[in-house]
Number of protein chains: 2
Amino acid sequence: MALGKDYAQQHCSIARALEVVGERWTLLIVRDAFYGVRRYKDFLVHLGIPRAVLAARLQSLEQAGVLEKRRYQQAPPRDEYVLTDAGAALWPTLFSLGTWASGHLEGMDVPRSFLHAACGSELGAYGQCPACGDVVTAGDVVLAPRPGLDPNPGNPVSRALLEPHRLLTPLDVDR
Amino acid sequence: MALGKDYAQQHCSIARALEVVGERWTLLIVRDAFYGVRRYKDFLVHLGIPRAVLAARLQSLEQAGVLEKRRYQQAPPRDEYVLTDAGAALWPTLFSLGTWASGHLEGMDVPRSFLHAACGSELGAYGQCPACGDVVTAGDVVLAPRPGLDPNPGNPVSRALLEPHRLLTPLDVDR
DNA sequence: ACCATAGGTTCAATGAACGAACTCATGCGA
DNA sequence: TCGCATGAGTTCGTTCATTGAACCTATGGT
C-alpha cells in the first residue's frame, strides 16, 4: 500500500506492523473480526466504510496473513473472512488501545466491557484477569454491553452485539 | 482531523483511540517520543516525514493531551515535545504492536529489543519481565540495538540510538 | 420474467500527503 | 555590521488515497 514506501525504510517492528494494520479502517475491520463479524455485508453496514475500501483492506489483510478468506457456501458462492492465529494475536494491541482510550481520553463513557469468560470479572491492565490472575487470550474474552449503549441501533450487527458475545465466535446477525 | 467524521459515530473506545493516534505517521511520532526524540528537527530527520505533516501531527497530539510542548530555551525560542502521562500510557499498545510484528510477520528480523532496566532480561508478552514477573512500565524499559542493525546510519538520531537507551529519557543527538 | 441479495468493480470529485521553496527570528564569525 | 547558518515552521502545486454513487455478475425466490 501507500505506507510502505516510507515505512519500510524504518527497519523497526512497530513500523512494519503499521505497514500492515496502520491504514485507515484496517484496525476497525480487525476489531469487528474479533467481535465475530465475518461477512462483507456485515463489515459494510457496521463500519459505514466505502465498499471499495473494504474490498481493498480485506484483500491486503488476507495477503498479510491476518484474515483467512474461506468459502462457507457453494451456491451461490459465499466467502467469509476469519482471523488467522496471527490475526488473533493482535488482541493485546487492540485491547490496550481500547483501555488507553477509556482511561485517558476526555469525555469517554465506556460503552462495552471485556470480561473473562471463565469467571466473569472485568479484565484489567494488560488483559489480565484480576480474579484469576491469568492473562486472558481473545478466545476467553466475552464482550458485554454496558448501560448507555444505544438500545435500538439501526443495523443488525450492532443489534446482535447488544447481547454478551464471546470474541472470535461468529455473530448471529440474522437474529 | 480526517478520521473523525466517520469514527466518532462508532461509540467504541478503540475507534476513539484511533481518532487520536490512528492517522498516518502519528504512532511513529509517539514511538520516537518514547525513544527520547523531543525536537522538531529530530523527528523530521529520523522519520523522513514531510514538514507540514509533522507540524500538524505534533499540534493534534498536543491538543489530545498525548504530547506536551514546552519551551526549553528562551533565546532563540525553542520548544520540545514530551510525552505526558497519558501519552506514556500508550506504551503497552506500542509494545504489543511491535511484539506482534516480530512474531507474526514474514521476514522480520528484529532490529532492537526491549529490556527490563532493573534486571536486563528481555520483555515478554504484554510487557512483562519473565525474570521478575513484573509488568514493566515505559520508564523502566531499555531499548537495546541488536546485531543486524545498520552500524552507520545516515542521520544523527539513528546514530544516537545505536547505544542502549532508557525510554522516555532525552536522547543526546548532538553526540 | 422479475426482483432481491451478496460481493464486488468503476469512476468522477474531494481531500490528504508529498516535497520543494519560502519565511522569520535569532546567533555567530569575519 | 554584513552575511551566513540554524530551528521551526508555512505555503503551494502535484500526486495519491478516500469517498459515495452507480454499475456489474451470479444466484435464488415467487
Side-chain angles (χ1 to χ4, degrees), chain A residues 1-9 18-19 21-29 32 37-62 67-82 155-157 170-171 173-175, chain B residues 1-9 18-19 22-29 32 37-62 67 69-82 155-157 170-171 173-175:
Chain A
M1 73 72 80
L3 301 178
K5 194 163 55 29
D6 292 283
Y7 281 29
Q9 319 287 44
L18 290 171
E19 258 183 77
V21 297
E23 284 176 302
R24 188 145 155 66
W25 295 110
T26 304
L27 273 181
L28 289 181
I29 293 170
D32 271 19
V37 175
R38 297 186 163 193
R39 295 184 309 218
Y40 183 90
K41 186 88 187 296
D42 295 336
F43 285 109
L44 207 61
V45 303
H46 190 227
L47 294 172
I49 182 178
R51 308 174 76 89
V53 176
L54 177 58
R57 294 293 185 278
L58 288 173
Q59 210 189 317
S60 72
L61 283 171
E62 194 198 350
L67 295 178
E68 188 197 346
K69 179 180 190 168
R70 63 185 187 207
R71 182 135 308 177
Y72 67 93
Q73 174 184 297
Q74 290 299 336
R78 292 283 178 266
D79 297 319
E80 60 182 3
Y81 296 87
V82 185
N155 69 78
V157 178
L171 201 59
V173 173
D174 318 306
R175 177 70 51 289
Chain B
M1 70 107 118
L3 301 178
K5 196 164 53 37
D6 292 284
Y7 281 31
Q9 319 287 44
L18 290 171
E19 258 182 79
E23 282 176 301
R24 191 146 155 62
W25 295 112
T26 305
L27 274 181
L28 290 182
I29 293 171
D32 271 19
V37 175
R38 296 186 165 194
R39 295 184 309 217
Y40 183 90
K41 185 91 187 295
D42 295 337
F43 285 109
L44 207 61
V45 303
H46 190 226
L47 293 171
I49 182 178
R51 309 173 77 89
V53 176
L54 177 59
R57 293 294 186 276
L58 289 173
Q59 211 189 317
S60 71
L61 283 171
E62 193 197 351
L67 294 179
K69 179 179 189 169
R70 63 184 187 208
R71 184 138 306 181
Y72 67 92
Q73 174 184 299
Q74 290 299 334
R78 292 283 177 264
D79 297 320
E80 61 182 3
Y81 296 88
V82 185
N155 69 79
V157 178
L171 201 58
V173 173
D174 319 305
R175 177 78 35 326

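By convention in this document, chain letters (A, B, ...) are assigned in the order of the sequence lines, proteins followed by strands, and residues within each chain are numbered from 1.
In the set C:dG27, D:dT18, C:dC18, the nucleotide with an atom closest to the side chain of B:Pro76 is C:dG27.
Counting to the nearest Å, the P atom of C:dG15 and the CD atom of B:Glu23 are 15 Å from each other. In this entry the distance linking CG of A:Leu44 with P of C:dG7 reads 10 Å, nearest Å. Following rounding to the nearest Å, A:Leu54 (CG) and C:dG7 (P) show an atom-to-atom distance of 10 Å. Rounded to whole Å, atom C1' of C:dG7 lies 14 Å from atom CD1 of A:Ile49. In this entry the distance linking CZ of A:Arg57 with C1' of C:dG8 reads 16 Å, nearest Å. Rounded to an integer number of Å, the gap from A:Glu62 CD to C:dG7 C1' is 14 Å. In this entry the distance linking CD of B:Gln74 with P of C:dG27 reads 11 Å, nearest Å. In this structure, A:Gln73 places its CD atom 15 Å from P of C:dT5, rounding to the nearest Å.
For B:Arg24 and D:dA17, the shortest distance from a side-chain N or O to OP1 or OP2 is not below 4.0 Å. Contact annotation: A:Trp25 side-chain N/O to D:dT19 OP1/OP2 distance is under 4.0 Å.
For the side-chain hydrogen bond (donor to acceptor under 3.5 Å, both in side chains) test, residues two or more places apart in sequence or in another chain that qualify with A:Lys69 are A:Tyr81.
Proximity of A:Leu171 to A:Arg38: side-chain heavy atoms (C-beta onward) are nowhere separated by under 4.5 Å. A:Leu54 places a side-chain heavy atom less than 4.5 Å from the side chain of A:Ile29. Considering only heavy atoms from C-beta on, A:Arg70 comes within 4.5 Å of A:Val82 through its side chain.
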Discussion item. For nucleotides 2-12 of chain D, give me one character per nucleotide, 5' to 3': B if any protein heavy atom sits under 4.0 Å from the base, S if the only such contacts are to the sugar-phosphate, - if neither.
Written reply: ----BSBBBB-

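Residues B:Leu47 and B:Leu28 approach most closely at CD2-CB, 3.9 Å, considering heavy atoms. Heavy atoms only, all atoms of each residue included: A:Trp25 and A:Gly48 are closest at CH2-O, 4.1 Å.
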Practice prompt. For the pair B:Asp174 and B:Arg39, evaluate salt bridge (charged side-chain N to carboxylate O under 4.0 Å, His left out) and give the outcome as yes or no after the intermediate values.
Written response: CA-CA 12 Å; B:Asp174 319 305; B:Arg39 295 184 309 217; 3.4 Å; yes

